Structure formats: structure tokens, C-alpha cells
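So the structure is just underneath, and the comments pick up after that.
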Protein chains: 2
Amino acid sequence: MSSIRDVARLAGVSHQTVSRVINEHPSVREGTRQRVLDAIAQLDYRPNVAARALVTNSLNLIGVLSATTGEFGATSSLTAIEEAARAAGYSVTTLNLPDVSADSIHAAVRQLQNERVDGLIALAPQARVSHVLAGMRADIPIVTLQTASGATAETLSADQVAGARLATEHLISLGHRDVVHLAGPQDWVEAESRMQGYLDAMLDADISPFPPVRGDWTADFGHTAGVELAHRGDMTAVFVANDVMAIGLIHGFRDMGLEVPRDVSVVSFDDIPVAAHVTPALTTVHQDFQALGRRALLLLLAEIRGETPPVLEPAHPRLIVRDSTATPHTVTQP
Amino acid sequence: MSSIRDVARLAGVSHQTVSRVINEHPSVREGTRQRVLDAIAQLDYRPNVAARALVTNSLNLIGVLSATTGEFGATSSLTAIEEAARAAGYSVTTLNLPDVSADSIHAAVRQLQNERVDGLIALAPQARVSHVLAGMRADIPIVTLQTASGATAETLSADQVAGARLATEHLISLGHRDVVHLAGPQDWVEAESRMQGYLDAMLDADISPFPPVRGDWTADFGHTAGVELAHRGDMTAVFVANDVMAIGLIHGFRDMGLEVPRDVSVVSFDDIPVAAHVTPALTTVHQDFQALGRRALLLLLAEIRGETPPVLEPAHPRLIVRDSTATPHTVTQP
DNA sequence: TTGTAGGCGTTATCAC
DNA sequence: GTGATAACGCCTACAA
């Protein structure tokens, strides 16, 4: 593997001139530049990132701390982050948290710092993670994605509350009053925001909300919840915090002889790729996870470069109405 | 940020001794070792990876070249790779291919080499990608994941053919003879293997197979195919190359008044998390994508270290029978 | 516009 | 067992 000096020798210049060409320094005569470029091509020379990092003190690397388990949203955001980062000349290293204890979070951040990342994006929707992060004051910029609470670190999210309100209001506008919320895990900021949107919508309509059912995002839990709610039988609609749980919920309902939307309406959140194809097709709130990822990266780069961060208005989720909602049974058959 | 010399000064030794302690060199007196360790802790010293990489010529970095679009399988494997790599002391950088042209593949490998990865795993199920990779002879080890064809590079995969055969034989054993295969894209090795399994099973049972329908893995395509196949109406069962397409297919069938499994049976591949909860619950072939990822990493590490690669027997997919299959209509109602 | 000197933080080599 | 010295490949600063 040839070095900058080999190129210099071949081009008949000093290694410093080669460095200038590589870094696009303006004061290099065009002829010299060409000779150097030729030599570079001829030797298939590639700058050594380690050597450069040693002196510039930056590897042009950003870290992603992920506490997700391959959900659709997180995966989409991650891909977007990676692409945007490379486009900006940074490479990306990902670290999956084994659990969300303060210890593993500390260890993970420490590890990423040891790897000399220039900044890091936390793809960690659990409130606890953002809190631990906020309380750590690592000496690199950190942007937390998909988290709504202000905390200390830079945070960013779609407007989950508005989306949830949209979903709930859709049910109410159809005539539902007995609307249950199947929520996400307590610790997740998104879960809280979506619940907030539900509560807001219910109270605005002068309906007293039910105590929410706490789920864990999985289809399996949704199924269990479906069976239980069918037993209770005191609601005509459910707002579910994500599509995957909704699919399980509908399954549970069916096992108990309840059909959606004939007997119960269901609205959920995310618009995963199969949402339009399951039976019934899901009425759901669509989010642009990729845009979210790109924006997180923009924010982080601004912080790394010490620029003033761009002003980013929150993304606006929108409701997609499909087959899982209808006017309530009791209303259509008085 | 303190350096090895700061530690040396504080511990009253030479920087070289500190280096020995860090690298667990045997010949350091225990007392000295402790003093150095204390100094390290006191200064919160962290080795500079760039400086180390400069002299060892390795960043302890492995690259993952991904040509997938967030499918369940690829995502699971990627996570497993990342975790296994970190456990082995390597960090991971991911590069998503914008497209699978030879140019982008070349550029991507080049980019990863510029980043000084010690080896790379291609999470690229398209045959073309493995071919381009095999023809490139980059000067770093490359392991290709989820690819069955031998090619030149190290490859690794679950036994897709066996899994597909299992699925098809299940249909045949139920009494189906008119079994259509909704395949994956032509270029994907997995798609080819699954088709091969279908063909094998059909021929073994002395049934002449249908020409397969080419899909693209998406639920949307599945839906289109469902509508078309319903028009044709010449089959009693479909073996679909993945669950997501199967969900779309069933949707398309339903739009045309065909119920699964009453009118048509469907078997698919992957066992994604919602497979058990959609209606009807999918009979499908389960694969352990995480194990696949871990094995890919094992193979790569062996190559990087110049060891003889471990002998890995292919993973054995298994069939999970749920509700989407039944005995054929024409047989149950003679 | 171009070249020379020095140093970034670490490991390897060879003394002692 | 420990230390001095020389790289590793590059960039910054300064000199020509």
C-alpha cells in the first residue's frame, strides 16, 4: 500500500504538495495538480484514515446507539441516517444496547467514545435512555431520536401527540365514545405521547377516557389484549399504539368472535408495509421515519461543526383511513 | 484527553511500560502493573485507536455491505453480526448500497477499504452482487451472507432448498397437485433456491410444476399477483417465497372472493413476527437469521486471522403449520 | 506556488 | 522487567 511519499516521488514533488492536492488546497498549480493526480491513480493511492485521524483528531465517524429490536420505524430511520452520513463524508458505527440499564448505557457511550466517534445519535425511544444520556454530559454531541420530552440533550421527534389525537378524533367523529387505548410500554416516550394525544382528544370531546392498557409493542401481546378486551366488552373502538400490536389485537378479537370493524373499530400507528394488506386493512397514522433520521443527522452535524442547528419543524404524521374503522355497532343499529 | 505519556509520568514509568500493561504483555511486575492501572483510572485514560491503528495497520473494524431494504431477515442478521463483532472486539460500519449496479458495488467496496475495514460481510442476497464481489478480488476477506451459490468468495446460507421443499411437500401431502410458486426476484439467490426446492418437490411427486410467477418480495406485488392468479383459477395452492408477499397475495385473493385456506392454500417463508397473527395465520418456514449472522462473523474473523475457517453445517429451516393451509377444495368436496 | 521541519499517540525493536 | 528510540502516514506551520 503506497503512501503519500510514494506519490510525491512519482510525481516529482514534495509529499506536502500531494497533501495539498488531496485536501483541495487552492494554491497548487494546475499542472502540478494533474501530475499528482496521475501518480495517485497510477499507484492506486488511498489516504490512510488512521494517520489523518491521528493528526486531525477526528475519524469522521458518527455512532448510533440503538436500543430497539428491529422495529420498522427504527430500522427505517437508521438506514436514512447511514445514507445521509455517508453523503456528508462520515461513516457510521452502530452499537445495539443489550438492555436499557444505566450501566449498559454508560458502557455503550464510553465504548463509542473510545472508538473516537465525532458525535452520536441515540435511536432510543425509552425515556430512561434519554434521561441517562442527558445526565451524563459526555464530551461529544449527542442527538436523541424519536423522543419527545425536552430533556437536556438535543431531541427530535415527529409530533406523536398530534398523530394520536388525529387517530382518536377519527374514532370519535365516527360516533365512538367508548374508546380504549392499547398503549406502548410505560418507559417509552412515544408511548406516552401517543397516550397524551388520546387523552387530549377524549377530554376535548367531553368523554372520560378509559385507563389505558399497557402493551409491549408486540403482536403477541396484542393478541392477549384482544382476548381480554373482548371479555370486558365495554368498548366499541380501540386506539392501538402501533400496527403490529393492532394485528395481534384483531387476531385476539377474532378468536373471541369479535370482528373488526363490524363489532369493534381499530386505529393504530406507523403504517408498516403490510398495513394495507392485512385483513382488515389498517386505518393508521403514517410517519416518515426516514425524514426523521435525516433530520437527526443534520442536527448532529451542526453540533459537531459548532454551527447553529437548523430550525426543524416537527414532522406531521397523517391519518390513513382504511378498513379497520367504521361507525359503532350500537349506533348503526339503534 | 490524556495520552500514554501522561499515564507514564503519573505512574513513574516509561510510556512503553504503560503500553505493555494496556496490551497485557506478560513481563510487567505486578506492582508496576497496579501503579499503571491506577494512573489510568485516575486520568480516565483511553487509548487512541487512530494512533494504534496507524502502527498496527488495523482499526479492528469490519464493514457490512448491505443491499437490502430493511427486510426482516436482513435486519435480524445485521443486528446479530453487530453484537457478535463487538463481543470479539471489532466495531462495525454499515454501508447501504444505493443500487446493485457493478459500479456502486465497486464504489462501495472501495469506500469500505478506504475506511480501512479488516474484512467485510456482504448482506447482499442478489446473485449479481456476489458475482461482482467474487470477480473483484479485493485484498481483504469477504464473506457473503444469504447466498447459496458457491461462487468464489466465502458464502453462507440456510438451506433454502430444503426449506422450500418442506413447504411444497406439505401442500402435496395435503392432496394439492396444482401448486403455483410465487417466487422472489430473478436475481436473488434465495429466490432461486426456494424455487429449486419447489421444483424438486413437485418433480419428486411426479407433478409437472407451473411456470413460477416472479415477484419482488413486497406485499403490494403479492396483492397484484393474488388478483391475477384468482382470474386464472387453475391452482389450489400457492407456495410464496416470503411472508410479506403472502400477506398481499391473500389480500388479493380476498378481493376476488377467494378465501384462504377454504379456496386456496398458501405456504410461505420467513416466519416474521406477525405471521402467527394475521388472518389466516401463516403456515411458513422458519429461519434463524440471527444464527446466520453470527456464523458469517465467525467465518470472517477466521479469515481475517488467517485461521482455518470453522466447519459450519447449514442451518435447518423448519416448517410451522398454521391456518393458511388445508386439504384442497376439490378433494374435500368430491 | 512549493518545500522542510516537527509532531500527533501508539507499538516494535533492541538495548540494559 | 524496563526504558530509549525509531517508525507508522499524515497535517500544520513556517520558510523559501
Side-chain angles (χ1 to χ4, degrees), chain A residues 1-40 42-61 89 91 113-118 139, chain B residues 1-40 42-61 89-91 113-118 139 305:
Chain A
M1 179 117 296
S2 45
S3 86
I4 201 172
R5 290 170 203 277
D6 301 322
V7 176
R9 197 173 316 120
L10 182 60
V13 298
S14 78
H15 67 104
Q16 187 44 243
T17 299
V18 177
S19 172
R20 291 201 180 90
V21 171
I22 294 167
N23 296 297
E24 294 173 327
H25 189 99
S27 57
V28 176
R29 190 174 300 141
E30 182 54 25
T32 320
R33 212 177 77 86
Q34 268 314 328
R35 284 212 317 283
V36 172
L37 255 20
D38 288 348
I40 286 177
Q42 190 174 333
L43 294 175
D44 191 26
Y45 162 78
R46 305 156 185 225
N48 183 318
V49 289
R52 169 178 285 164
L54 182 56
V55 62
T56 61
N57 205 25
S58 158
L59 272 167
N60 273 203
L61 212 210
S91 59
Q113 285 196 267
N114 285 351
E115 293 177 20
R116 293 302 203 270
V117 299
D118 294 310
D139 32 55
Chain B
M1 177 118 298
S2 46
S3 87
I4 201 172
R5 291 171 202 275
D6 300 321
V7 176
R9 198 174 314 119
L10 182 59
V13 298
S14 79
H15 74 271
Q16 187 45 242
T17 299
V18 177
S19 174
R20 290 200 179 91
V21 171
I22 293 168
N23 296 298
E24 293 171 331
H25 189 99
S27 57
V28 176
R29 189 173 299 142
E30 182 55 24
T32 321
R33 212 177 77 85
Q34 269 314 328
R35 283 211 316 284
V36 171
L37 254 20
D38 289 348
I40 287 178
Q42 189 175 334
L43 294 174
D44 191 27
Y45 162 77
R46 308 162 184 214
N48 183 319
V49 289
R52 169 178 286 163
L54 181 57
V55 62
T56 61
N57 205 24
S58 158
L59 271 169
N60 273 201
L61 212 209
Y90 284 78
S91 58
Q113 286 197 267
N114 285 352
E115 293 178 19
R116 293 300 203 267
V117 299
D118 293 310
D139 33 54
R305 296 172 177 153

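Worth saying up front: this structure is predicted, and the values here are computed from it rather than measured. Protein chains get the first letters and strands the later ones, always in sequence-line order, with residue 1 at the start of each. Note that these values count all heavy atoms, side chains included, but never hydrogens, waters or copies made by symmetry.
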Can you sort out the partners of [X] under salt bridge (charged side-chain N to carboxylate O under 4.0 Å, His left out), two or more places apart, ordered by chain and number?
X: B:Asp38; answer: none
X: A:Arg9; answer: A:Asp6
X: B:Arg5; answer: none

What residues, two or more places apart in sequence or in another chain, satisfy side-chain hydrogen bond (donor to acceptor under 3.5 Å, both in side chains) together with [X]?
X: B:Gln34; result: none
X: B:Gln113; result: B:Asp139
X: A:Asn114; result: B:Arg46
X: A:Arg33; result: A:Glu30

Roughly how far apart are B:Leu10 CG and B:Gln42 CD, rounded to 0.5 Å?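 Output value for this atom pair is 5.0 Å.
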
Could you tell me from which nucleotide to which nucleotide of DNA chain D, 5' to 3', there is an atom under 4.0 Å from chain B heavy atoms?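 Both ends considered, the range comes out as D:dG1 to D:dG9.
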
Categorize B:Asn57 for me: base, sugar-phosphate, or nothing, with a 4.0 angstrom heavy-atom threshold over every strand shown.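 Since no nucleic acid heavy atom lies under 4.0 Å of B:Asn57, the category is nothing.
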
Atom pair distance, as rounded to whole Å: [atom1] in [X] and [atom2] in [N]:
X: A:Arg116; N: C:dT10; atom1: CZ; atom2: C1'; answer: 11 Å
X: B:Met1; N: C:dC8; atom1: CE; atom2: P; answer: 16 Å
X: B:Arg52; N: C:dA12; atom1: CZ; atom2: C1'; answer: 14 Å
X: B:Ile22; N: C:dT10; atom1: CD1; atom2: P; answer: 6 Å
X: B:Glu24; N: C:dT11; atom1: CD; atom2: C1'; answer: 15 Å

Would you be so kind as to tabulate the donor-acceptor pairs closer than 3.5 Å made by side chains of residues 16-24 of chain B, with sequence neighbours excluded?
unit_1  : atom_1 : unit_2  : atom_2 : d
B:Thr17 : OG1    : B:Ser14 : OG     : 3.4
B:Ser19 : OG     : B:Asn23 : ND2    : 3.4
B:Asn23 : ND2    : B:Ser19 : O      : 2.9

Phosphate contact (C:dT11 OP1 or OP2) by B:Asn23 side-chain N/O below 4.0 Å: yes

How close do B:Ala11 and B:Val36 get, heavy atom to heavy atom, and via which atoms? CB-CA, 4.0 Å

Pairwise 5' ranking along DNA chain D for B:Ser27 and B:Leu54, keeping only the more 5' one: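 Nearer the 5' end of the strand: B:Ser27.
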
Going by side-chain contact (heavy atoms from CB on, under 4.5 Å), name the residues that satisfy it together with B:Asn60, two or more places apart in sequence or in a different chain. B:Ser58, B:Tyr90, B:Asp118

Using the C1' atoms of five pairs at each end, what's the angle between the two axes of the helix from C:dT1-D:dA16 to C:dC16-D:dG1, to 10 degrees?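 About 30° separates the two local helix axes.
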
Short N/O separations, protein against nucleotides 3-7 of chain C, under 3.5 angstrom:
unit_1 : atom_1 : unit_2  : atom_2 : d
C:dG3  : OP2    : A:Ser14 : N      : 2.9
C:dG3  : OP2    : A:Ser14 : OG     : 3.3
C:dG3  : OP2    : A:Thr17 : OG1    : 2.7
C:dG3  : N7     : A:Arg20 : NH1    : 3.3
C:dG3  : N7     : A:Arg20 : NH2    : 3.4
C:dG3  : O6     : A:Arg20 : NH2    : 2.4

